[in-house]
Q: 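One structure coming up, written as structure tokens, with questions to follow.
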Protein chains: 2
Amino acid sequence: MSAVEQPHVLVVEDEPAQREVLAYNLEAEGFAVSRAGNGEEALLQIRENPPDIIVLDWMLPNVSGIEVCRQIKTRAETRDLPVIMLSARSEEVDRVRGLETGADDYVVKPYSVAELMARIRAQLRRTRPAAIGGQLTFEDIVLDGETHRVTRDGKPLKLGPTEFRLLSTFMEKPGRVWNREQLLDRVWGRDIYVDTRTVDVHIGRLRKALRQHGGADPLRTVRGAGYALG
Amino acid sequence: MSAVEQPHVLVVEDEPAQREVLAYNLEAEGFAVSRAGNGEEALLQIRENPPDIIVLDWMLPNVSGIEVCRQIKTRAETRDLPVIMLSARSEEVDRVRGLETGADDYVVKPYSVAELMARIRAQLRRTRPAAIGGQLTFEDIVLDGETHRVTRDGKPLKLGPTEFRLLSTFMEKPGRVWNREQLLDRVWGRDIYVDTRTVDVHIGRLRKALRQHGGADPLRTVRGAGYALG
DNA sequence: CAGCAATATAACAGTTTCATGACATGTCGG
DNA sequence: CCGACATGTCATGAAACTGTTATATTGCTG
């Protein structure tokens with residue numbers, strides 16, 4: 001991670017298990033993480049030690065996430081603080097949208113870690129561009145997280161959303177072997193039921209996409225273990 | 001067939017809620033988790049299906065955590081099993097007593113999951129580096145658990161899943177002699193019936209793979225006992 | 001050195017794992 | 001409502017891997 005200084009994320013989530021999983025993932029990505037288990041705590045922390053971005057669960061005891069968000073966006077000194085809302089169901093997203101709380105982005109549970117990460121980066125890119133490297137590079141492949149574009153040897157590649165997330169996962173740690181479970185968690189999202197063999201199919205599609213202008217297959221199949229880039 | 005890929009953690013905690021939160025978090029991190037609600041169950045599981053590490057609550061009904069730990073550390077065959085003790089008390093006296101029973105680390109409740117995770121990794125890094133994606137080195141052989149790559153004298157070696165696991169086992173304790181039963185347990189997994197002679201065959205295959213670019217055979221046959229690396 | 005037991009190796013057949021194309025379903029914008 | 005695109009599952013065939021057996025070799029004992 002090429003952060004000059006670690007971006008600081010505040011995670012507001014009342015369910016300890018989910019909070020910790022999220023915090024752990026963020027820490028693993030090189031973020032500095034603070035935690036809050038409820039709205040009051042969140043508002044207090046924002047005043048005492050303002051983060052660079054907030055990931056806010058919609059459902060919170062007492063002061064709801066919506067209310068927290070509203071307060072953040074009302075105060076002049078915190079108005080620029082990016083807020084990403086987490087919501088449990090897709091129907092609720094519409095309600096949240098309707099309420100116009102001013103959140104900068106919404107992520108629906110179950111979300112893929114990769115997706116949330118990408119959105120956090122997208123927000124930070126807006127406010128702290130220096131802290132985030134917008135592009136990932138591996139050999140002649142360049143992936144731009146902001147524009148969602150991938151090029152190989154300068155030529156643009158056409159790939160679907162799933163293939164894009166797959167590739168970004170691989171490109172974050174070139175060489176690392178991911179097993180199918182890990183890829184499902186990361187690319188598809190936790191708590192989603194899909195056959196693990198489906199991963200194979202998408203790997204195949206990604207391979208095809210990467211070869212569309214010629215060039216060798218950069219993906220490596222590790223029999224009995226999973227897949228890796230390079 | 002059970003993938004012996006993920007490190008296996010045994011959680012011993014009598015309070016179901018706490019046990020599940022912990023197990024959930026561990027599973028989210030990619031560990032394979034077994035659970036035990038009391039000391040007897042824990043000891044039984046350790047015998048039947050030994051984990052790579054144990055997270056052990058101090059306070060347990062009947063057989064206390066201390067006693068479980070003492071028994072683990074008394075037996076020769078489980079002495080190397082890392083134990084992390086969880087305790088509600090924070091007095092120094094307890095810490096000392098906990099470590100006296102032979103626990104490898106000690107975490108005081110309430111603990112942060114991230115911290116516990118870090119300590120688990122630290123223990124595994126010590127005892128089973130390859131299991132958490134570390135690198136192992138022996139002479140000119142390098143095995144990387146993260147990329148699943150093995151090189152000798154810089155040149156990549158091609159080996160199948162079983163040979164890979166076999167080699168990581170040897171490389172975790174260079175010089176140690178493993179008999180065929182132990183190798184079967186560790187590389188093939190319990191509850192799998194294969195002829196012990198099969199080990200010989202795979203040792204042969206591993207030897208061939210290690211010699212594929214020339215170089216001496218680093219494996220040592222100990223007649224009547226088993227095999228060792230170096 | 002002969003005889004014996006343990007180990008090494010080669011060959012083989014069965015099984016598992018993976019790659020790929022086809023297809024039904026679902027989604028989204030027009 | 002249609003059509004293009006995306007997605008998950010399945011069927012099939014190929015390739016890699018595995019366990020066993022049979023046979024050769026080795027090392028030890030006396």
Side-chain angles (χ1 to χ4, degrees), chain A residues 90-91 93-94 108 110 112 114-115 148 150 156-167 177-181 183-189 191-212 216-228, chain B residues 1-5 148 150 156-167 169-170 177-189 191-212 216-229:
Chain A
S90 53
E91 335 157 356
V93 170
D94 294 339
V108 178
S112 84
E115 184 192 356
H148 267 238
V150 182
L157 297 183
K158 181 174 173 306
L159 47 165
T162 305
E163 283 79 58
F164 181 83
R165 275 175 298 169
L166 246 188
L167 182 59
V177 175
W178 304 78
N179 67 35
R180 293 180 174 74
E181 305 280 344
L183 290 173
L184 282 177
D185 270 7
R186 193 147 169 127
V187 174
W188 276 257
D191 308 331
I192 293 251
Y193 170 72
V194 222
D195 194 285
T196 62
R197 284 290 142 203
T198 298
V199 175
D200 300 28
V201 176
H202 280 274
I203 290 283
R205 286 169 180 160
L206 175 56
R207 279 185 160 134
K208 195 166 163 191
L210 289 171
R211 280 185 320 226
Q212 66 192 251
D217 175 10
L219 293 181
R220 176 166 54 108
T221 301
V222 183
R223 195 161 249 264
Y227 299 94
Chain B
M1 193 167 291
S2 60
V4 195
E5 192 55 41
H148 265 254
V150 182
L157 299 183
K158 182 175 172 303
L159 41 164
T162 306
E163 283 81 58
F164 183 85
R165 289 195 303 264
L166 200 49
L167 182 59
T169 301
F170 283 126
V177 177
W178 302 78
N179 67 35
R180 293 179 175 74
E181 301 288 343
Q182 291 168 330
L183 290 173
L184 281 176
D185 272 7
R186 180 111 181 184
V187 174
W188 276 257
D191 64 2
I192 293 210
Y193 170 72
V194 268
D195 194 284
T196 61
R197 284 290 135 206
T198 299
V199 175
D200 300 29
V201 176
H202 279 274
I203 291 282
R205 286 170 179 159
L206 176 55
R207 280 185 161 134
K208 194 167 161 191
L210 290 172
R211 280 184 321 227
Q212 66 191 249
D217 175 10
L219 292 180
R220 179 164 52 103
T221 301
V222 184
R223 206 179 168 81
Y227 301 93
L229 177 67

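We name chains A, B, ... by the order of the sequence lines, and we start the count at 1 in each one.
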Q: Figure out the NE2/P separation between B:H202 and D:dT18, and round it to whole Å.
A: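 Whole-Å distance recorded here is 5 Å.
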Q: Grab the CG-P distance between B:L206 and C:dA8 for me, whole Å please.
A: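 About 12 Å, once rounded to whole Å.
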Q: Output all residues satisfying side-chain contact (heavy atoms from CB on, under 4.5 Å) with A:T162, sequence neighbours left out; order by chain, then residue number.
A: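 Listed in chain order: A:R165, A:V187, A:W188, A:H202.
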Q: For B:T198 and D:dT18, is the shortest distance between a side-chain N/O and OP1 or OP2 below 4.0 Å?
A: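 For B:T198, the contact criterion (side-chain N or O under 4.0 Å from OP1 or OP2 of D:dT18) is not met.
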Q: Let me know the distance between CZ of B:R165 and C1' of D:dG19, rounded to the nearest Å.
A: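 Whole-Å distance recorded here is 14 Å.
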Q: List the residues meeting side chain to side chain donor-acceptor pair (under 3.5 Å) with A:R197, not counting sequence neighbours, and say none if there are none.
A: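 Counting only residues at least two positions away or on another chain, A:R197 forms a side chain to side chain donor-acceptor pair (under 3.5 Å) with A:D200.
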Q: Should B:T221 be listed as having a side-chain N or O under 4.0 Å from OP1 or OP2 of C:dA8?
A: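 It does, given that an N or O in the side chain of B:T221 lies less than 4.0 Å from OP1 or OP2 of C:dA8.
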Q: The helix from C:dC1-D:dG30 to C:dG30-D:dC1: angle between its terminal axes, five pairs each, to 10°?
A: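 Roughly 40° between the end axes, to the nearest 10°.
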Q: I'd like to compare against my own output: the B/S/- annotation of nucleotides 24-30 of chain D with a strict under-4.0 Å heavy-atom distance to protein.
A: --BB---
Q: For B:R205, which residues count as a salt bridge (charged side-chain N to carboxylate O under 4.0 Å, His left out) partner, sequence neighbours excluded?
A: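 For B:R205, no residue satisfies salt bridge (charged side-chain N to carboxylate O under 4.0 Å, His left out) once neighbours in sequence are set aside.
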Q: Tell me the interatomic distance from B:L183, atom CG, to D:dG19, atom P, rounded to whole angstroms.
A: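 Answer to the nearest Å: 13 Å.
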Q: Which listed nucleotide (D:dT9, D:dC17, C:dT7) is nearest to the side chain of A:V194?
A: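 Comparing D:dT9, D:dC17, C:dT7 against the side chain of A:V194, the answer is D:dT9.
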Q: What's the CZ-P distance between A:R180 and D:dG8, to the nearest Å?
A: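 The distance from CZ of A:R180 to P of D:dG8 comes to 15 Å, rounded to the nearest Å.
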Q: Angle class for the B:F170/B:W178 ring planes (parallel below 30°, perpendicular above 60°, tilted otherwise)?
A: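 Judged by the thresholds at 30° and 60°, the geometry between B:F170 and B:W178 is perpendicular.
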Q: Any heavy-atom pair between the side chains of A:P156 and A:V150 that's under 4.5 Å?
A: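 The answer is no, as the side chains (C-beta and beyond) never meet within the 4.5 Å cut-off.
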Q: Round to the nearest Å and state the distance from B:E163 atom CD to D:dA16 atom P.
A: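 Interatomic distance, CD of B:E163 to P of D:dA16: 14 Å.
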Q: Please state how far atom CG in B:N179 lies from atom C1' in C:dT7, giving the value in whole angstrom units.
A: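 The distance from CG of B:N179 to C1' of C:dT7 comes to 15 Å, rounded to the nearest Å.
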Q: Rounded to whole Å, please give me the gap between CD1 in A:I203 and C1' in C:dT17.
A: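 Nearest whole value for this atom pair: 14 Å.
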Q: With the side chain of B:Y227 defined as its heavy atoms from C-beta on, choose the nearest nucleotide among D:dT18, C:dT7, C:dT17.
A: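 The nucleotide sitting nearest to the side chain is C:dT7.
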Q: If you compare every side-chain N and O of B:W188 against the phosphate oxygens of D:dG19 (OP1, OP2), does one of them come in below 4.0 Å?
A: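 The answer is yes; a side-chain N or O of B:W188 sits under 4.0 Å from OP1 or OP2.
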Q: Tell me, please, which residues at least two apart from B:D185 pass side-chain contact (heavy atoms from CB on, under 4.5 Å).
A: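 Counting only residues at least two positions away or on another chain, B:D185 forms a side-chain contact (heavy atoms from CB on, under 4.5 Å) with B:R190.
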Q: Any sub-3.5 Å donor-acceptor pair from A:Q212's side-chain atoms to A:K158's backbone N or O?
A: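 Judged by distance alone, yes, a pair lies under 3.5 Å.
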Q: Could I get the full list of side chain to side chain donor-acceptor pair (under 3.5 Å) partners for B:N179, not counting sequence neighbours?
A: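 With neighbours one apart ignored, the set is empty.
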Q: Would you mind building the protein contact string for nucleotides 20-30 of chain C? One character per nucleotide, 5' to 3', B for base within reach (heavy atoms under 4.0 Å), S for sugar-phosphate only, - for untouched.
A: B-B--------
Q: Does OP1 or OP2 of C:dT7 have a side-chain N or O of B:R197 closer than 4.0 Å?
A: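 Answer is yes, contact under 4.0 Å.
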Q: Looking at side-chain heavy atoms only, is the closest gap between B:L183 and B:T196 below 4.5 Å?
A: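 No - every pair of side-chain heavy atoms lies 4.5 Å or more apart.
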Q: Taking only residues two or more places apart in sequence or in another chain, which ones pass side chain to side chain donor-acceptor pair (under 3.5 Å) with A:R223?
A: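 For A:R223 there are no side chain to side chain donor-acceptor pair (under 3.5 Å) partners, ignoring immediate neighbours.
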Q: Sequence neighbours excluded, which residues qualify as salt bridge (charged side-chain N to carboxylate O under 4.0 Å, His left out) partners of B:R220?
A: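 Checked B:R220 against salt bridge (charged side-chain N to carboxylate O under 4.0 Å, His left out); zero matches.
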Q: Using the test salt bridge (charged side-chain N to carboxylate O under 4.0 Å, His left out), find all partners of B:D217 that sit at least two apart in sequence or belong to another chain.
A: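 Applying salt bridge (charged side-chain N to carboxylate O under 4.0 Å, His left out) to B:D217 gives B:R207.
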Q: Respond yes when some side-chain nitrogen or oxygen of A:K158 is under 4.0 Å from OP1 or OP2 of D:dA4, and no when none is.
A: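 Checking D:dA4 against A:K158, no side-chain N or O comes under 4.0 Å of OP1 or OP2.
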